[in-house]
Amino acid sequence: MKMTERFQVRPGQKVDLRQYDPDFTAGLKSKTDARRRLKENIDRLAELQYLLYAENKHAVLLALQATDAGGKDGTIRHVMSGINPQGCRITSFKVPSAEEADHDFLWRIHKAVPGKGEIGIFNRSHYEDVLVVRVHDLVPRAVWSRRYAQINAFEKLLADNGVAILKFYLHISKAEQKARFEDRIREPRKHWKVNPKDLEERKLWDDYMAAYEAALSRCSPAHAPWFIIPANKKWFRNLAISEILVETLEGLDMKFPPPMCDVSKLVVK
Ligand code: ADP
């Protein structure tokens, strides 16, 4: 079965994250098993990006969401390692600035959407507005509960305008998060990543899972699907995401545009 089918949340599906094994590796035993396939995917992605840029017809938007230490940064570093920075834009969404907070929640998002020929990567996304915002009651329930429909309408607009949207939830277990936090505390080179706030957020794990389940269940239409990626094993996470990207880009059936003149008649003097 293709990874795209295996991990995609079907439209209307009610997601229960306890049914998804974060340790799943599709029978692959180790990093070595995945290495060659990952390398092939990364090389293929580079070719497909070249074609995407040349054709200038589609935009590709990748949204990455995860709990703290879920692996968003590592995914970008590994899976995108073959991508030409010229055609790629990464946007990290943090706590909204004063100016952003004075606008509707999609204002800052819309500005960061990739244009035709580009790959845009969202490190966090508009989904924070139904995740952290919902868990901490940063706006009243009446406000965040309307956002699922608003997100669906927004993503439909983008899809109708040639944006291929792929949303990845990196699924790690609570035990794996503990191990990653402990590693950061142990390893001096990782101390810069230690944030006491993350330990506070961890106490709200169940609330976050409920918020993720709602977003995954309510916002996964065929034109903007969510993928639940088993992410305890970083090598499998990278393999799965790279494979879904390749499958999706190949499905766009892209072609090089015809030359603007009869090149066989051109002579360079
Ligand atoms: P990261 O954890 O992604 O590496 P940071 O440590 O700077 O980066 O965390 C960014 C923070 O911004 C997260 O705590 C996230 O929940 C928060 N954030 C992002 N978007 C929003 C939003 N719309 N409203 C409130 N907080 C947000």
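Whatever order the structure lists ligands and atoms in, that order sets their numbers, starting from 1. The basis for the numbers below is simple: all heavy atoms, side chains too, and nothing from hydrogens, waters or symmetry mates. Since we're looking at a predicted model, the values are computed, not measured.
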Asks: Give a yes-or-no answer on whether the side chains of Arg237 and Thr75 include a donor-acceptor pair shorter than 3.5 Å.
Replies: yes
Asks: Can you pull the residues with any heavy atom under 4.0 Å from ligand 1?
Replies: Lys72, Phe93, Lys94, Val95, Pro96, Arg108, Arg124, Glu128, Asp129, Val132, Val133, Leu138, Lys197
Asks: For the backbone of Gly87 and the side chain of Glu118, can you confirm whether one donor and one acceptor N or O come within less than 3.5 Å of each other?
Replies: no
Asks: Using a cut-off of 6.0 Å, state whether more than 12 heavy atoms not belonging to Lys178 lie near its atom NZ.
Replies: no
Asks: Tell me yes or no: between the side chains of Lys116 and Asn56, is some donor less than 3.5 Å from an acceptor?
Replies: no
Asks: Main chain of Val15, side chain of Ser217: is a donor-acceptor contact present, judged purely on distance under 3.5 Å?
Replies: yes
Asks: Over 60° means perpendicular and under 30° means parallel, so tell me whether Tyr208 and Tyr212 are parallel, tilted or perpendicular.
Replies: tilted
